[in-house]
Participant: 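Could you have a look at this structure, given as structure tokens, before my questions?
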Amino acid sequence: MMNRHKLNRLRCTLALFAFLAIAGRVVIAAASGPVTERVAHNSGTHQIAVFAGGCFWGVDAVFKHVKGVSQVVSGYSGGNASTAVYEVVSSGTTGHAESVEVTYDPSQVSYSDLLKVFFYAAHDPTELNRQGPDSGFQYRSVIFYANADQKKIADTYIAQLDRAKVFSEPIVTQVVPLKGFFPAEGYHQNFLARHPDNPYIVINDMPKLALLHEKFPQLYHP
């Protein structure tokens with residue numbers, strides 16, 4: 001029998017498809033066309049960071065409201081191009097995690113600041129292979145580092161959080177190399193802004209934006 005959390009997510013997904021159908025939009029599965037792989041490129045004022053922390057709808061929205069962030073893309077990372085399709089990733093067997101690719105200006109916001117947002121507002125780093133109502137390997141907590149500096153900063157920051165016992169439970173966030181990022185289907189992009197009244201968004205993701213504003217007012221922008 002399907003558990004309550006998976007059933008809730010299924011209902012939200014079905015509601016989304018119904019909405020798209022009523023609006024006269026046809027969603028074409030990514031499997032019908034080539035999947036575009038994006039490899040992080042950091043140079044000058046253009047820096048890339050990739051994070052995974054549960055459903056990408058809410059994580060995407062949180063980082064879109066951080067000063068110095070110019071773009072956030074929802075997608076998949078950790079697996080291969082051939083399986084970077086929502087319905088397949090949702091099986092939890094592809095190695096992919098629902099992820100976000102954050103493009104930011106380091107002169108306005110540092111990588112360390114992005115980590116603070118990730119750990120304190122975007123998700124709960126103590127939940128293993130789940131986040132809120134969603135469970136599965138695709139919802140694990142991951143920092144995909146693009147270079148040695150990002151790895152060092154992430155490892156150091158997690159060690160500091162552990163020593164300070166900031167969270168009541170152990171941090172389970174993985175720190176792994178970024179091998180590629182695959183943008184998700186179009187209907188997943190900027191989902192919160194386009195569907196602010198979606199029940200899943202209202203219950204699970206709107207509180208994250210409020211938390212961002214509360215904890216990091218100096219980083220928040222409307």
Side-chain angles (χ1 to χ4, degrees), residues 39-42 47-69 72-79 92 94-181 204-205 207-220:
V39 178
H41 176 67
N42 292 331
Q47 300 285 314
I48 297 294
V50 177
F51 304 105
C55 176
F56 42 29
W57 295 345
V59 183
D60 169 275
V62 167
F63 281 108
K64 277 188 167 75
H65 284 274
V66 174
K67 293 178 182 178
V69 170
V72 185
V73 179
S74 292
Y76 315 108
S77 193
T94 65
H96 281 298
E98 289 194 15
S99 309
V100 296
E101 180 190 68
V102 180
T103 302
Y104 67 100
D105 182 348
S107 69
Q108 298 183 48
V109 61
S110 69
Y111 185 69
S112 294
D113 285 333
L114 296 181
L115 288 176
K116 292 177 184 177
V117 170
F118 177 62
F119 279 100
Y120 284 100
H123 85 310
D124 181 347
T126 69
E127 294 198 316
L128 180 63
N129 296 334
R130 67 173 302 110
Q131 198 67 210
D134 304 312
S135 61
F137 193 57
Q138 71 274 25
Y139 297 118
R140 66 194 186 276
S141 174
V142 190
I143 296 169
F144 292 98
Y145 62 86
N147 52 53
D149 286 341
Q150 287 187 354
K151 182 182 188 304
K152 181 178 179 180
I153 294 171
D155 285 338
T156 300
Y157 188 63
I158 291 174
Q160 291 174 346
L161 293 176
D162 280 335
R163 285 196 301 270
K165 299 187 183 302
V166 172
F167 300 99
S168 59
E169 300 293 331
I171 293 173
V172 296
T173 305
Q174 300 174 348
V175 180
V176 300
L178 176 64
K179 297 180 180 179
F181 177 85
N204 299 290
D205 296 329
K208 295 178 182 179
L209 293 182
L211 191 59
L212 172 67
H213 192 191
E214 175 189 342
K215 285 188 169 293
F216 305 105
Q218 74 281 7
L219 296 176
Y220 180 86

Participant: Return the CG to CD distance between Asn147 and Gln150, rounded to the nearest 0.5 Å.
Facilitator: 4.5 Å
Participant: Does Asn204 have any side-chain hydrogen bond (donor to acceptor under 3.5 Å, both in side chains) partners at least two apart in sequence or in another chain, and if so, which?
Facilitator: none
Participant: Find out whether Phe56 and Val72 are in side-chain contact, i.e. whether some heavy atom of one side chain is under 4.5 Å from a heavy atom of the other.
Facilitator: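 No; the side chains remain at least 4.5 Å from each other.
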Participant: Show me the pairs that pass side chain to side chain donor-acceptor pair (under 3.5 Å) and involve residues 152-171, at least two apart or across chains.
Facilitator: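 Only Lys151-Asp155 qualify under side chain to side chain donor-acceptor pair (under 3.5 Å).
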Participant: Name the orientation class of the two ring planes belonging to Phe63 and Phe51 (parallel below 30°, tilted from 30 to 60°, perpendicular beyond 60°).
Facilitator: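 Parallel, since the angle between the ring planes stays under 30°.
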Participant: On a heavy-atom basis, which atom in Val59 and which in Gly53 lie closest, and how many Å separate them?
Facilitator: CG2-O, 3.5 Å
Participant: In Å and rounded to the nearest 0.5 Å, what is the OH to NE2 distance from Tyr220 to His213?
Facilitator: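 Nearest 0.5 Å value for the OH-NE2 distance: 6.0 Å.
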Participant: Where the side chain of Glu101 meets the backbone of Val73, is there a donor-acceptor pair that is under 3.5 Å apart?
Facilitator: no
Participant: Taking the six-membered ring for Trp, are Phe181 and Phe144 ring centroids under 6.0 Å apart?
Facilitator: no
Participant: Hey, what do you get for OG (Ser74) to CD (Glu98), rounding to the nearest 0.5 Å?
Facilitator: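 Nearest 0.5 Å value for the OG-CD distance: 8.0 Å.
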Participant: Side chains of Tyr76 and Ser99: does their closest heavy-atom pair fall under 4.5 Å?
Facilitator: no
Participant: For Gln131 and Gly54, work out which heavy atoms get closest and say how close.
Facilitator: CB-CA, 3.6 Å
Participant: So, taking the atom named CD1 in Ile158 and the one named OG1 in Thr173, what distance separates them when rounded to the nearest 0.5 Å?
Facilitator: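 That separation rounds to 5.5 Å.
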Participant: Report the distance from atom CD of Gln47 to atom OG of Ser107, rounding to the nearest 0.5 Å.
Facilitator: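 OG of Ser107 is found 10.0 Å from CD of Gln47.
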Participant: Check whether His96 reaches the backbone of Gly79 with its side chain - one donor and one acceptor, N or O, closer than 3.5 Å.
Facilitator: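 Pair found, side chain donor or acceptor close to backbone of Gly79.
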Participant: How many angstroms lie between atom CG of Leu209 and atom NE2 of His65, to the nearest 0.5 angstrom?
Facilitator: 5.0 Å
Participant: Kindly write out the residues that satisfy side-chain contact (heavy atoms from CB on, under 4.5 Å) with Ile153, not counting sequence neighbours, or none if the list is empty.
Facilitator: Tyr111, Ser112, Leu115
Participant: Looking only at heavy atoms, which two atoms of Leu211 and Ala121 are closest? And how far apart?
Facilitator: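 Nearest heavy atoms, Leu211 then Ala121: CD2-CA, 3.9 Å.
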Participant: For residues 122-129, tabulate all N or O donor-acceptor pairs below 3.5 Å that involve a side-chain atom, not counting sequence neighbours.
Facilitator:
from   : atom 1 : to     : atom 2 : distance (Å)
His123 : ND1    : Phe118 : O      : 2.8
His123 : NE2    : Ser141 : OG     : 2.7
Asp124 : OD1    : Thr126 : N      : 2.9
Asp124 : OD1    : Thr126 : OG1    : 2.7
Asp124 : OD2    : Thr126 : OG1    : 3.4
Glu127 : OE1    : Gly132 : N      : 2.9

Participant: What pair of heavy atoms forms the shortest contact from Leu114 to Val69, and how long is it?
Facilitator: CD2-CG2, 4.1 Å
Participant: According to side-chain contact (heavy atoms from CB on, under 4.5 Å), who are the partners of Gln174, at least two apart in sequence or on a separate chain?
Facilitator: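 side-chain contact (heavy atoms from CB on, under 4.5 Å) check on Gln174 returns Phe137, Arg140, Val142, Val176.
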Participant: Sorted by first residue and then second, give each salt bridge (charged side-chain N to carboxylate O under 4.0 Å, His left out) pair with at least one member in residues 52-67; sequence neighbours left out.
Facilitator: Asp60-Lys64
